[in-house]
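See below for the structure under consideration.
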Amino acid sequence: MAVRSVQITGTGQLLDLSRRLRAAGGPRLQQNLNRRVRRAAEPLYRDMTETILSLPIAAEDRKAGSRGGSSPTTRPLRATIAGAVRLSVRTGRSPGARVWIDRSQLPSDLKFMPEAMNKPNGRIRHPVFGNKKRWVNQWTTPMWWDKVVARHTPRMRAEVERVLGDVRRTIT
């Protein structure tokens, strides 16, 4: 399964509320709504980055006669991916909070690594330092993205519903 962005929306409720806020001319109310929706999504964002940073990645044992050595790159994989996790709150046509991995922030050779790391079997297959003639397997926690999202979704939905109720009472 691919790593996808996570969107928490109140379906039509959030869209309807956003329209009413604009009609009521309440930029302060709109800012308050955005701040509270962002605050509801921040624990997911923090947990996502912490999970990536602590994600175990294990290599297979080296084969007899194979050479070893340190990595020719100093770029830390987990920190690079964690640095690309983003959180945004939108109020336009599809209002809500979104947590995703911004691929434009990843180096070209790591653009698809988040999806590779989230596979159901937990296997990351890649060439050894870019050598397409020699491939290795590494293993990580399967479906880590989906597990973190599932853990936070009920809390986030309840919080967004609470925020919507508060703002709805304010404008009616």
Practice task
Would you kindly confirm whether F112 and L55 end up in one hydrophobic cluster when ILVMFWY residues are joined by side chain heavy atoms under 4.5 Å apart?
Solution key: no
Practice task
Check whether L53 and W139 end up in the same hydrophobic cluster, where Ile, Leu, Val, Met, Phe, Trp and Tyr are linked by side-chain heavy atoms less than 4.5 Å apart.
Solution key: no
Practice task
To the nearest 0.5 Å, tell me how far Q138 CD sits from H126 NE2.
Solution key: 3.5 Å
Problem - Minimum-distance pair of heavy atoms, taken over all atoms of S88 and R38 - result: CA-NH2, 4.1 Å
Exercise for the section: May I ask you to test the T141-K147 pair for a side-chain heavy-atom distance under 4.5 Å? Expected result: yes
Exercise for the section: Using modelled atom types only, decide if a donor and an acceptor are shared between the side chain of R155 and the backbone of A40 within a distance under 3.5 Å. Expected result: yes
Practice task
Evaluate the side-chain proximity of Y45 to E50: yes if any heavy-atom separation is below 4.5 Å, no if none is.
Solution key: no
Fill in the blank from the handout: In terms of heavy-atom contacts, W145 and V99 come closest through CZ2-O, 3.9 Å
Problem - Side-chain donor or acceptor of K132 paired with backbone N/O of P127 under 3.5 Å - result: no
Exercise for the section: Scan side-chain atoms only and decide if R134 and N131 contain a donor-acceptor pair under the 3.5 Å cut-off. Expected result: no
Practice task
Give a yes or no on whether a salt bridge exists between E42 and R39, defined as a side-chain N under 4.0 angstrom from a carboxylate O.
Solution key: no
Completion exercise
Taken to the nearest 0.5 Å, the spacing of H152 NE2 from D47 CG works out to 3.5 Å
Exercise for the section: Evaluate the side-chain proximity of I101 to M48: yes if any heavy-atom separation is below 4.5 Å, no if none is. Expected result: no
Practice task
Return yes if some donor-acceptor pair links the side-chain N/O of T140 with the main-chain N/O of P56 below 3.5 Å, else return no.
Solution key: yes
Completion exercise
Interatomic distance, CG@N137 vs CZ@R125, rounded to 0.5 Å, equals 5.0 Å
Exercise for the section: Check for a donor-acceptor pair, side chain of R86 on one end and backbone N or O of G83 on the other, with a separation under 3.5 Å. Expected result: yes
Problem - Of S108, P114, P107, the residue whose pairing with L110 passes side-chain contact (heavy atoms from CB on, under 4.5 Å) - result: P107
Problem - Backbone N/O of I52 and side chain of W144: donor-acceptor pair under 3.5 Å - result: no
Problem - Side-chain heavy atoms of V85 within contact of Q105, under 4.5 Å - result: no
Exercise for the section: Could you pull out the closest heavy-atom pair between N118 and D146, with the gap in Å? Expected result: ND2-OD2, 3.4 Å
Exercise for the section: Measure the CZ-OG1 distance between R78 and T49 for me, rounded to the nearest 0.5 Å. Expected result: 14.0 Å
Fill in the blank from the handout: Between V149 and L44, the two heavy atoms sitting closest are CA-CD1, 4.2 Å
Practice task
Could you check if a side-chain atom of L106 sits within less than 4.5 angstrom of a side-chain atom of M113, using non-hydrogen atoms only?
Solution key: no
Problem - Minimal non-hydrogen separation, A41 against A97, with atom names - result: CB-CB, 3.8 Å
Fill in the blank from the handout: In short, D166 meets R36 closest at the heavy-atom pair OD2-NH2, 2.6 Å
Completion exercise
d(K111 NZ, S104 OG) to nearest 0.5 Å is 6.5 Å
